[in-house]
There are 2 protein chains.
Amino acid sequence: MSVTAAQGFTAAGIAAGIKANGNPDLALVVNNGPRLAAAGVFTSNRVKAAPVRWSEQVLRGGTVSAVVLNSGGANACTGPKGFQDTHATAEKVASVLGGEHNAGEIAVASTGLIGVLLPMDKLLPGVETAAAALSADGGEAAAIAIKTTDTVHKTATAGQDGWTVGGMAKGAGMLAPGLATMLVVLTTDADLDAATLDKALRDATRTTFDRVDSDGCMSTNDTVLLLASGASGQVPAYEDFAAAVRAVCDDLARQLIGDAEGASKDIRIEVIGAASEDDAVEVGRSIARNNLLKCAIHGEDPNWGRVLSAIGTTKAAFDPDRLNVAINGVWVCKNGSVGEDRDLVSMKGREVHITADLAGGTESAVIWANDLTAEYVHENSAYSS
Amino acid sequence: MSVTAAQGFTAAGIAAGIKANGNPDLALVVNNGPRLAAAGVFTSNRVKAAPVRWSEQVLRGGTVSAVVLNSGGANACTGPKGFQDTHATAEKVASVLGGEHNAGEIAVASTGLIGVLLPMDKLLPGVETAAAALSADGGEAAAIAIKTTDTVHKTATAGQDGWTVGGMAKGAGMLAPGLATMLVVLTTDADLDAATLDKALRDATRTTFDRVDSDGCMSTNDTVLLLASGASGQVPAYEDFAAAVRAVCDDLARQLIGDAEGASKDIRIEVIGAASEDDAVEVGRSIARNNLLKCAIHGEDPNWGRVLSAIGTTKAAFDPDRLNVAINGVWVCKNGSVGEDRDLVSMKGREVHITADLAGGTESAVIWANDLTAEYVHENSAYSS
């Protein structure tokens, strides 16, 4: 049900002709109120795409009446013309939707190749087509239209007691924090203000999308939006609402890792015994980004030496002679040296669990990553993306 | 001529049976004086192999009479027994060489799989074999014996006016700073003290081995040693000597990149217009480690958007709208946006030059990297290394 699971939202996904292959490439999500509260988090990359620059401004007001998203082009590194194109897109959406809509409350998100201007002669007429296709069942079509190299579209829902949080996500490569590279739109019919949405969204992304690292590459276009219509009339307790937002983000983040370009393994890296959560995250990311380890996991080789060499590059608090590492439950490294027999480790499944114990405290963190495969190389070298 | 190009040194390389395939795996380099001055730099990885911990202590004294190096096992993450094995190896070398030699002046270096104890029943007899094979022509054999996945052995020489600097290196993967992962032994017959050697070595490695980044992975065993015999009786001017050391390091570093595991391209990344050298290095490393860009280079795709997204993840001083990027001399990105026609870029050769202009100052730095290929994945997933 995606972004239309919550009451008060309509959506559409259509083929505007931005993608040369004719696949759907334009999505529209409209908040029909009565509330138009919204929050957003964006890439921390300092090279930001035009739609990110635009939407950051829009979200500053805490009000979003619609989101227009395109695949087939990132509109990043496109100069003043690119920003004008984003502005024109928002104006077009406001004009086509009519009524109270104004461009300053329309968020824009784009994904695709960096450094290419969007074909506005196709995109703007596409907005009209999308607006005409808006429906309360349009969530799936919208989720499909934002796919790039995604093999499947990604949606999730949660909620209780008459209110719902729903969402859609795209992302299959360039997945790394801050904010795993992705476009995500979440909607809710809970009756909450922008400040509450902002807090719940930041709480959720910090431990979900921010802890996904498929390939260490940070995008210029990351955008995660949360829109509230208030249509349910319900005002959930903050903790309940935050838990639902976190559940949807966690579900979508896991789907992103499961569909990462060329990956054959999903790697869950849990760092325990850390002196601080920051230490745990730093070590987890270092392990997640170690190409040699990622290759070893692909080869189903429990090469714990590469885990230790990755830990050793961090500033986290640990004593090299007290480090412990388990792979799929077998403690192959104990006290910084050889532990249980590595032949006991089975790595046949898609999911591989690495536990790194820093033996220096009680804090922990989980990072999700992927293996490195020849298919990843092929997908990212055979054509521009 | 490798480590025996300079007068006063003998060397040997033999097969001790550490490697299962019977290839040479043990090298010995002996300084016959009259001086025994030495300097060393080591991995900055906090997880350090036993031989690194040992040799760091040895080098503190500024005197090294011999270096014993083995391939076929890193002796890293091997606990107290691993350190005892390193100590025993140094004792064995001192005992076999006899005379004034003592273990506290014998450096040890190891390379190979992490987390496996060395077969001391083969290594110690191998020391005797190597000592018996020592000769003033042994430099090539020593360079061959330290190879792991290297396809060729690496040697270089420089010098003038009756003095020489020679060296050997191994390294083909896990090449990243601080200190690209490698074992390197440099020798000279110049008559210089340990402090001068230390300064020249640190000056040289800072801009050579420290700026090689084949795969972003830092080793536990990096060791670069410089030994002086004084046998030429010459005392070169510091600048001349430092230039020769730098030339040998630069030559060897370039050979390491040229032989990196699975690589099909050598990528020279020059960052110009930086506010500081540190900024230039940070940006260069970020570009060097971007897997998506490395894939694009492999595919001969001048995907400058991936260069910008890598720059954007750094803390360096720059304005995104003033960034310029050239690939093989074509300025495909100007002022953060589309520049010259990317179809003008030819990427057929093995060497690819990327210039990133931060337009924020006058400092610069060069980082060397490799592309990411299916062969790299294969080499690092098909078996433990």
Side-chain angles (χ1 to χ4, degrees), chain A residues 44-48 74 76-82 113-117 173-174 215-220 289-293 295-299 301 303-306 308-314 318 320-321 323 333 335-338 371-374 376-384, chain B residues 44-48 74 76-79 81-82 113-117 173-174 215-220 289-293 295-299 301 303-306 308-314 318 320-321 323 332-333 335-338 371-374 376-384:
Chain A
S44 54
N45 198 310
R46 291 168 59 202
V47 175
K48 296 179 201 301
C77 307
T78 44
K81 178 66 169 69
L113 186 61
I114 298 173
V116 179
L117 287 164
M174 227 190 224
D215 60 4
C217 296
M218 190 196 296
S219 152
T220 50
R289 293 182 177 182
N290 189 283
N291 277 352
L292 289 172
L293 177 66
C295 288
I297 300 290
H298 176 54
D301 170 14
N303 197 323
W304 59 268
R306 293 177 182 177
L308 257 67
S309 72
I311 297 173
T313 64
T314 70
F318 68 84
D321 293 327
L323 294 171
C333 170
N335 293 318
S337 183
V338 186
D371 59 341
L372 183 57
T373 70
Y376 175 88
V377 175
H378 178 73
E379 280 205 44
N380 288 295
S381 63
Y383 53 86
S384 285
Chain B
S44 53
N45 198 311
R46 290 169 59 202
V47 175
K48 295 181 202 299
C77 307
T78 44
K81 178 66 169 71
L113 186 61
I114 298 174
V116 179
L117 287 166
M174 226 188 224
D215 59 5
C217 297
M218 190 195 298
S219 152
T220 50
R289 294 182 177 181
N290 188 283
N291 277 352
L292 289 172
L293 177 66
C295 288
I297 300 292
H298 176 53
D301 170 14
N303 197 323
W304 58 268
R306 293 177 180 176
L308 258 67
S309 72
I311 297 172
T313 64
T314 70
F318 68 84
D321 294 326
L323 295 170
V332 285
C333 170
N335 293 317
S337 182
V338 187
D371 59 342
L372 183 57
T373 69
Y376 175 88
V377 174
H378 178 73
E379 280 205 43
N380 288 295
S381 63
Y383 53 86
S384 284

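Computed from heavy atoms alone, side chains included, the values below leave out hydrogens, waters and symmetry copies. By convention in this document, chain letters (A, B, ...) are assigned in the order of the sequence lines, proteins followed by strands, and residues within each chain are numbered from 1.
- When A:Ala76, A:Gly115, A:Gly79 are compared by the number of non-hydrogen pairs under 4.5 Å with chain B, A:Gly115 comes out ahead.
- Heavy-atom distances place no part of A:Asn335 under 4.5 Å from chain B, backbone and side chain included.
- Here the closest heavy-atom approach between residue B:Ser337 and residue A:Thr78 is recorded as OG-C, 3.2 Å.
- The two residues A:Val47 and B:Phe318 make their nearest non-hydrogen contact at CG2-CE1, 4.3 Å.
- Remark: side-chain polar atoms of B:Arg46 are not paired, donor with acceptor, to backbone N or O of A:Pro320 under 3.5 angstrom.
- B:Asp371 contributes no side-chain N or O that, together with a main-chain N or O of B:Ile297, makes up a donor-acceptor pair within less than 3.5 Å.
- The greatest number of non-hydrogen atom pairs below 4.5 Å with chain B, out of A:Leu117, A:Thr314, A:Val116, is found for A:Thr314.
- The side-chain heavy atoms of B:Leu372 and A:Leu372, taken from C-beta on, include a pair separated by under 4.5 Å.
- Looking at B:Leu323, the atoms closer than 4.5 Å to chain A (heavy atoms on both sides) all sit in the side chain, from C-beta outward.
- Among the candidates B:Ala74, B:Ala310, B:Gly312, B:Gly82, the residue making the largest number of heavy-atom pairs closer than 4.5 Å to chain A is B:Gly312.
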